[in-house]
Amino acid sequence: FSSDVQPIIDRYCLECHTKDGAGYVASGLDMSAYERLMKGTRLGPIIQSGSSTASTLVVLIEGRAVPSINMPHGRDTLSKEEKTTIKNWIDQGAQNN
């Protein structure tokens, strides 16, 4: 997590998804630490350990949600390799390592 996934989150997500950021205010999702990421939004987890296909985070970064909630908003999308890194991490159990 810390060497592969966190740098991607730092680059694309933390501008909005930290305490008092627009993404946090809108959804309750704070991605500034592993524990907060795994907690998810006010509606529940966005990561289903062991299943990237059931993880809302993957739906959002792959652009498969309603366009207004696809992530990241108004920024470059993640590269194919970055998306694969996140999916592999989730499929391997989404561990904090």
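Because the structure is predicted, anything quoted here is derived from the model rather than measured. Quick note: residue numbers are just sequence positions, from 1.
Of all heavy-atom pairs spanning Asn70 and Arg64, the tightest one is OD1-N, 3.6 Å. Closest approach of Ala94 and Ser49 over heavy atoms only: CB-OG, 3.7 Å. Asn96 and Glu35 get closest at one heavy-atom pair: ND2-OE2, 3.7 Å. Pairing each heavy atom of Lys87 with each of Ser52, the nearest pair is O-CB, 3.8 Å. The shortest non-hydrogen separation linking Ser27 to Gly23 is OG-O, 2.7 Å.
More than 12 heavy atoms of other residues, nucleotides or ligands lie within 6.0 Å of NZ in Lys83, so this atom counts as buried by the packing criterion. When the shell of 6.0 Å around CD of Glu15 is examined, it contains 12 or fewer heavy atoms from other residues, nucleotides or ligands.
Atom SG of Cys16 and atom CZ of Arg75 lie 7.5 Å apart (nearest 0.5 Å). Expressed to the nearest 0.5 Å, how far CE of Met31 lies from CD of Gln6 amounts to 8.5 Å. Interatomic distance, His17 NE2 to Ser32 OG, rounded to the nearest 0.5 Å: 11.5 Å.
If you check the side chains of Glu82 and Tyr12, you find a donor sitting under 3.5 Å from an acceptor. In the model, Gln92 has no side-chain atom that pairs as donor or acceptor with a side-chain atom of Asn88 under 3.5 Å. Asp4 and Thr85 form no side-chain donor-acceptor contact under 3.5 Å, judged by distance and modelled atom types alone.
Cluster membership check: Ile69 does not share its hydrophobic cluster with Val25, using side-chain heavy-atom separations under 4.5 Å among Ile, Leu, Val, Met, Phe, Trp and Tyr. Taking hydrophobic clusters as Ile, Leu, Val, Met, Phe, Trp and Tyr residues chained together by side-chain heavy-atom distances below 4.5 Å, Ile61 does not share a cluster with Tyr24. When hydrophobic clusters are built by joining Ile, Leu, Val, Met, Phe, Trp and Tyr residues whose side-chain heavy atoms come closer than 4.5 Å, directly or via intermediates, Val66 is grouped together with Leu60.
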### From CA spacing to verdict: side chain to side chain donor-acceptor pair (under 3.5 Å), Asp30, Thr18
CA-CA 5 Å; Asp30 181 347; Thr18 57; 5.8 Å; no
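Judged by distance alone, with hydrogens and angles left aside, the side-chain atoms of His73 form a donor-acceptor pair with the main-chain N or O of Ser68 at under 3.5 Å. Remark: the backbone N or O of Ala54 is paired with a side-chain donor or acceptor of Ser51 at under 3.5 angstrom.
The shortest distance between side-chain heavy atoms of Leu78 and Ile86 falls below 4.5 Å. Between Gln48 and Ile90, the closest side-chain pair of non-hydrogen atoms is not below 4.5 Å. Annotation: side chain of Ile46 is in contact with side chain of Leu37 (closest heavy-atom distance under 4.5 Å). No side-chain heavy atom of Pro45 sits less than 4.5 Å from a side-chain heavy atom of Ile47. Counting heavy atoms from C-beta on, the side chains of Leu57 and Met71 never come closer than 4.5 Å.
The aromatic rings of Phe1 and Trp89 sit tilted relative to each other, their planes meeting at an angle between 30° and 60°.
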